[in-house]
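Reading through the structure tokens given below for one structure.
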2 protein chains.
Amino acid sequence: MRKRATAKEVADAAGVSKWTVIRAFTPGASIAEESKRKVLAAAAALNYSPNLLARSLATNSTNQVAVFVDDFSNPQKLPFLETLTERLQAEGLVAVLININTHFDHVHALLHADQRQVDAVILFGTAFRSETLSDLQLGRGTPPMFVLARDSQIEGVPAVVCDAELALREIVDHLHERGYRRPGFMTGATALSTALRRRQHFADFWKQKGVDEIAVLSAEKYSAEAGAVAVRSYLEQTARADRVDVLMCENDILALGAMDEIRSRFGLRIPEDIAVVGFDNYEFCGSPAYSLTTYEQPRQEMIQVIVGMIAGRLEPETVTLPGTLVIRTST
Amino acid sequence: MRKRATAKEVADAAGVSKWTVIRAFTPGASIAEESKRKVLAAAAALNYSPNLLARSLATNSTNQVAVFVDDFSNPQKLPFLETLTERLQAEGLVAVLININTHFDHVHALLHADQRQVDAVILFGTAFRSETLSDLQLGRGTPPMFVLARDSQIEGVPAVVCDAELALREIVDHLHERGYRRPGFMTGATALSTALRRRQHFADFWKQKGVDEIAVLSAEKYSAEAGAVAVRSYLEQTARADRVDVLMCENDILALGAMDEIRSRFGLRIPEDIAVVGFDNYEFCGSPAYSLTTYEQPRQEMIQVIVGMIAGRLEPETVTLPGTLVIRTST
DNA sequence: CACCTGTTTGCACCCGGTAGCAAAGAAAAT
DNA sequence: ATTTTCTTTGCTACCGGGTGCAAACAGGTG
């Protein structure tokens, strides 16, 4: 049961001091070609590689980034995670995925991340109030935080988001042009909903078009089931003549759940009886079974920017990026 | 820009030695009530918490588990990640999510995980050959590895999987009972496919029923698009009379893509013209738009077991767990 | 050959904890 | 009061590397 070789052991094998070994593994360090070759040979023989833990302790940088996620119900999280890990790894960073839930809340997670000395914390689509931060009163040592795909509600914490104002303007313009005049909006979990600003802009732009009243449907959370329940209770309680002619859902998952319910339970046609719009452009929205009009977030760009800020190439500041309206047959 | 407080600083503030401070933060350590109170007060004032990095270096255990993922196209990965992180965190462990791709392959990742001294590596649905391991010749120090949701192809590396034999038996029994006699099977990316053993068992059980011939459709990868392409080329090349009456797809994503294509491009009915079966029970399979018969992996149990083995409560060994056949209207 | 300059190398000390032993202090037994 | 025993505390050594400086070793010049 041999342990990992240490720099000292390699040094002895190569007939140099351990510092010379370290230099051989430090790019740009002052070391003679000759000894570097000797060291690398000895290192290869002993199968040595530097212990990143020890290095992190000494250099005070771990090259680890904590990623907080508190809602795994949106499948859109997966491609984001894919791109995020890929980009981080390209920068020599690695993602520590933290599941924020009732057993492990933001306070826990933040304390933990701090204790582990991560280089940064990404709040990915997750919410917490400023008070939480002041409760913790983590000193200056706290790792820098960034919010991804959600408005920051914390002073001094930058966010990288899709431009909700632009998105909703494009959506409302499109709907108005198509002739819809009785819009409805379905929100998801209230805690998360306000920060997305989607409902607010939706209402604002309709107002500009002269439509003041927006029917609001509230889903309990962001799931297809919740979307179905919300639309069911709406349709059951609303006379045919009073119903909306287009329903914008806060995200695709709600929209897909709503579409299923609208068609199979109420036998209504989409978009003839009710048009539906989602948000995110989740993979299945394009399937012929749904063909949902939706809005795609600029995932690559958003992640490019947030990783750039973490790597120090970009100034940390809130950045708003334009996405793309994807028009399909649900409108 | 104050740094984190250290044990030494707290010690000075509390008028004790740094070892006493450490004891106050070590559960079950021998320390007087009185001094513990003093230390905790001083620690609170200075906002001290132990540096886990330094602790890891000294104790030689990081409480970090590397999770390798190389295919983010299957949305089923997300609930697995959710449950996995939750369970790991409940054990005081944390997941380091590593994206295996062309820029960062298994060798890189393994070396990295080793350098970071992670406590274990989970190969989540990912593949690599034994040779890769011997190429690396990581000594004894290598962190223990476990394969999740996929057969292990490496000697001595245990896997936790859904029982494919049982699953396919149940599926074939069900299909046979429903009267299907001309089965087809759609495989995904070949590199991953064999390890799942699904096709093999599918063929074996049909043979037992006296059906020797299985039509095989090969998709390029595990995506809805690839599933659609595979079924399209099959249906275009196969006369109506020669076609399969039931198509089993290696996973749900292929199945959903195939269903879309079968219905919208070829105008065929499911299940009357062709029945379809998937695997995984991904959320949208239950939607009325698809209503796909599929097989659900025992996610909770699998993760319970693998985390138990990592935490040392369970003997590390390959474990095969039974899943559940979910019958819907696609068969 | 002495002198200067530039490159290599070794060293003491540090990063922030942990382990285990030995000394000091307090309580119990003689 | 003395000895024994248990609890509490301090200390040395260590985990595996990193930093900045000084010594050692070149090579070139006058």
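Note that these values count all heavy atoms, side chains included, but never hydrogens, waters or copies made by symmetry. A, B, ... follow the sequence lines: proteins, then strands. Residue 1 opens every chain.
- Side-chain contact check for A:Gln76 and A:Gln297: no donor-acceptor pair (N or O, by modelled atom type) lies under 3.5 Å.
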* Can you check each nucleotide of nucleotides 13-28 of chain D against protein heavy atoms at under 4.0 Å and return B for base, S for sugar-phosphate only, - for none, in 5' to 3' order? => --BBBBBB--------
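- Ring geometry, B:His106 versus B:Phe68: the interplanar angle falls from 30° to 60°, so the pair is classed tilted.
- At the heavy-atom level, B:Ser30 lies under 4.0 Å from base atoms of the strands shown.
- In the model, A:Arg87 has a side-chain atom that pairs as donor or acceptor with a side-chain atom of A:Gln304 under 3.5 Å.
- Inspection of the B:Ser49 and B:Arg4 side chains reveals an N or O donor paired with an N or O acceptor under 3.5 Å.
- The side chain to side chain contact (heavy atoms under 4.5 Å, CB included) with B:Lys36 is formed by just one residue from the set B:Val21, B:Val16, B:Ile31; it is B:Ile31.
- Nucleic acid contact class of A:Ser56 (heavy atoms, under 4.0 Å, all strands): none.
- In summary, the side chains of B:Asn74 and B:Asp280 do present a donor paired with an acceptor at a separation below 3.5 Å, with no hydrogens or angles considered.
- Taking the six-membered ring where the residue is Trp, the centroids of B:Phe80 and B:Phe124 are separated by under 6.0 Å.
- For DNA chain C, the outermost nucleotides in 5' to 3' order that have an atom under 4.0 Å from a heavy atom of chain B are C:dG16 to C:dG20.
- For B:Thr20, no side-chain nitrogen or oxygen approaches OP1 or OP2 of D:dT8 to under 4.0 Å.
- Salt bridge absent: A:Lys18 and A:Glu9 never bring a charged side-chain N and a carboxylate O closer than 4.0 Å.
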